Number of protein chains: 2
Amino acid sequence: MKVAEPTVERLVQYRRLLDRMDRDKVQVISSKEIGDMLGFKASQVRKDLSYFGEIGKRGVGYNVDRLLKHVSDILSPPRKWNVGLVGVGRLGEALLDHKAFLSDKYEIVALFDVSDEKVGETFFGRPCFHVDDMPEKLEEMDIEILILTVPKDAAQRCVDAGTEKGQIKGVLNFSPSSVVAPPGLIVYSVDISVELEKLLFYLKHEGTESI
Amino acid sequence: MKVAEPTVERLVQYRRLLDRMDRDKVQVISSKEIGDMLGFKASQVRKDLSYFGEIGKRGVGYNVDRLLKHVSDILSPPRKWNVGLVGVGRLGEALLDHKAFLSDKYEIVALFDVSDEKVGETFFGRPCFHVDDMPEKLEEMDIEILILTVPKDAAQRCVDAGTEKGQIKGVLNFSPSSVVAPPGLIVYSVDISVELEKLLFYLKHEGTESI
DNA sequence: TTATGTGAAAAGGTTCACAGCC
DNA sequence: GGCTGTGAACCTTTTCACATAA
C-alpha cells in the first residue's frame, strides 16, 4: 500500500502523542483533540487514521491504547536496522546523545571519521573507524543506513562509499549539500540552515504561516 | 507577493549553488544543469526562477552573477535579526558552532538555559542567561527569533516566555514536540527523529522515493 | 446528540509542451 | 539549434460536507 509522505510524518507525531496520552492514563481521544494538540485539522486526522481501517467509534472517539497499537504497527519496521554515523563532530555527537535515537528499531553501531584522533576511539560506546574503511566495515557490520554529519564537500563521497558494495538502503543527510543517489537509495536531507532561511523569508514577508 | 514554501526552499539551494559557481568563475548556467546538480526537473527550476521576472536569456541560459544577485535579493531580509538560542546542550552547542549560522542576516546574541553551571558563562562568545529572565532579556536585547534546542517538555514554555511581551516573531524548534503558537508567530519545526522514522517507513516498504 | 469515515470539491504543486527569443 | 518563460494539464494533498453508527 502506498502512503503519502505527509501522512507518514503525521503518523509519527500521532504515535508520540498517543504514547504520552497512554502513559497519562487517557482512555479516549477525539480527532479534534488530536488535531488541536498537534496543529492539524480534525478532518485531516480522521483521513490519516481511517486510511488503514476503521479504528474509531462513531459518536465516541478513538480508544487511545488501541489506536496507539494500530499506529505503531503501521510504522514499525519488520526488523532492527544497523546504522552508521559518519562525521563525529559536534553535530554527530549531539545526535549520538539524542534521546530520539534510542530506539529498539535501529541502533547506531559504528562511527566513521577522518581524524586520527577519533579513529580507534569509542564515543558513547560506539567504535570509530576511518572513512577509508567504510565499504568493508559497512558490509562486515551489516549496516544499511547512514547518518551523515559531515562537512558539505564530504557528503557525496560518503554516499559513494556506502553504495560501493551496494548494501546501503537509506541515508539521512544533515550536511548542507545535495547528494546524487542511485535509484533505489532513499535519501532524506535535513538542512538546518535552509530551515532558518525559510523562516527569515516569511518573517520578512510578514506572513502568517505556522507549521 | 505570495511564494510557496517549496519554492523558497529551492531558492535557498539555488543561491548556495550559484554562490559556489560564481566563486568557481562559471559565467553561464542552464536550468537543466542546475536541476541535475540539485535533483530537480529543469522545468521546475525555470518556473521558480521566472517567478520574480525574466532573468535568463533564451537560447543561452542564466548569467550566474546576475542570477545570484537576483535570488539573493529575493531572499535577503531587509535588516539583521537578533536571535536567541534556548537550551545550551550538545545540540545547542553544535548549532552555535555551525557554519550555516554565520551570516550577516542574523546573529545569535544570547543564550538561555536552566542550569546554574551554564547561566553567567559565555559559550562561543555569547552570554548565557537564565530561562526565567527571558521575557526581560529578549526585550532588552531586541531579540525577535528563538532557536529551541530544549527537551520536549520545555518547548512550549519557551514559546510562551517568548511571546509574553509579544516581540518574538519566529521560532525554529528542534525539540521533538509540537508547540501551540499564537496567530502571527511563525514556527518551523525540525524534528530529527521524525525524519529518521520516515526513512525507516519507506525502507520497510521498499519504496524508490528519493528526496 | 456526538464524532467517525469518506466521497467530492478545492487547493496546492509539479510537469508538460510549445511559443518566443537568442 | 538551443534554452527560457508560461499557460494548461496533471498529480497530490487538504478540506468540506454529510451519511453513518454509537
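Predicted model, so just to flag it, every value in this text is computed and none were measured. Lettering of chains follows the sequences in order, A, B, ..., and the numbering in each one begins at 1.
- Across the protein-nucleic acid pair, A:Tyr14 atom OH and C:dT4 atom C1' stand 14 Å apart, rounded to whole Å.
- Comparing D:dT6, D:dC3, C:dG13 by their nearest atom to the side chain of B:Ser30 picks out D:dC3.
- Here D:dT12 presents its C1' atom at 14 Å from CG of A:Asp48, a figure rounded to the nearest Å.
- Closest heavy-atom contact between B:Tyr51 and B:Lys2: OH-O, 3.2 Å.
- Comparing atom distances between the A:Lys47 side chain and each of D:dT15, C:dG5, C:dT15 picks out D:dT15 as nearest.
- When heavy atoms are screened at a 4.0 angstrom cut-off, A:Ser31 is found touching the sugar-phosphate backbone but no base atom.
- Nucleotide C:dG7 holds its P atom 12 Å from the OH atom of A:Tyr51, rounded to whole Å.
- Taking the charged nitrogens against the carboxylate oxygens, A:Glu140 and A:Lys137 do have a contact shorter than 4.0 Å, which makes a salt bridge.
- Taking atom CZ of residue A:Arg46 and atom P of nucleotide D:dA19, one finds them 15 Å apart after rounding to whole Å.
- If you measure from atom CD of B:Glu9 to atom P of C:dG13, you get 12 Å, rounded to the nearest angstrom.
- Distance, B:Gln44 CD to C:dA17 P: 16 Å, rounded to whole Å.
- Of all heavy-atom pairs spanning B:Pro135 and B:Glu164, the tightest one is CG-OE1, 3.6 Å.
- By the 6.0 Å contact criterion, CD on B:Gln27 is open, its count of non-hydrogen atoms from other residues, nucleotides or ligands being 12 or less.
- A salt bridge does not link B:Arg16 with A:Glu197: none of the charged nitrogens is closer than 4.0 Å to a carboxylate oxygen.
- Residues of residues 55-71 of chain A having a heavy atom closer than 4.0 Å to DNA chain C, listed by number: A:Ile55, A:Gly56, A:Lys57, A:Arg58, A:Gly59, A:Val60, A:Gly61, A:Tyr62.
- Under a cut-off of 6.0 angstrom, the local environment of NZ in A:Lys57 is sparse, with at most 12 non-hydrogen atoms contributed by other residues, nucleotides or ligands.
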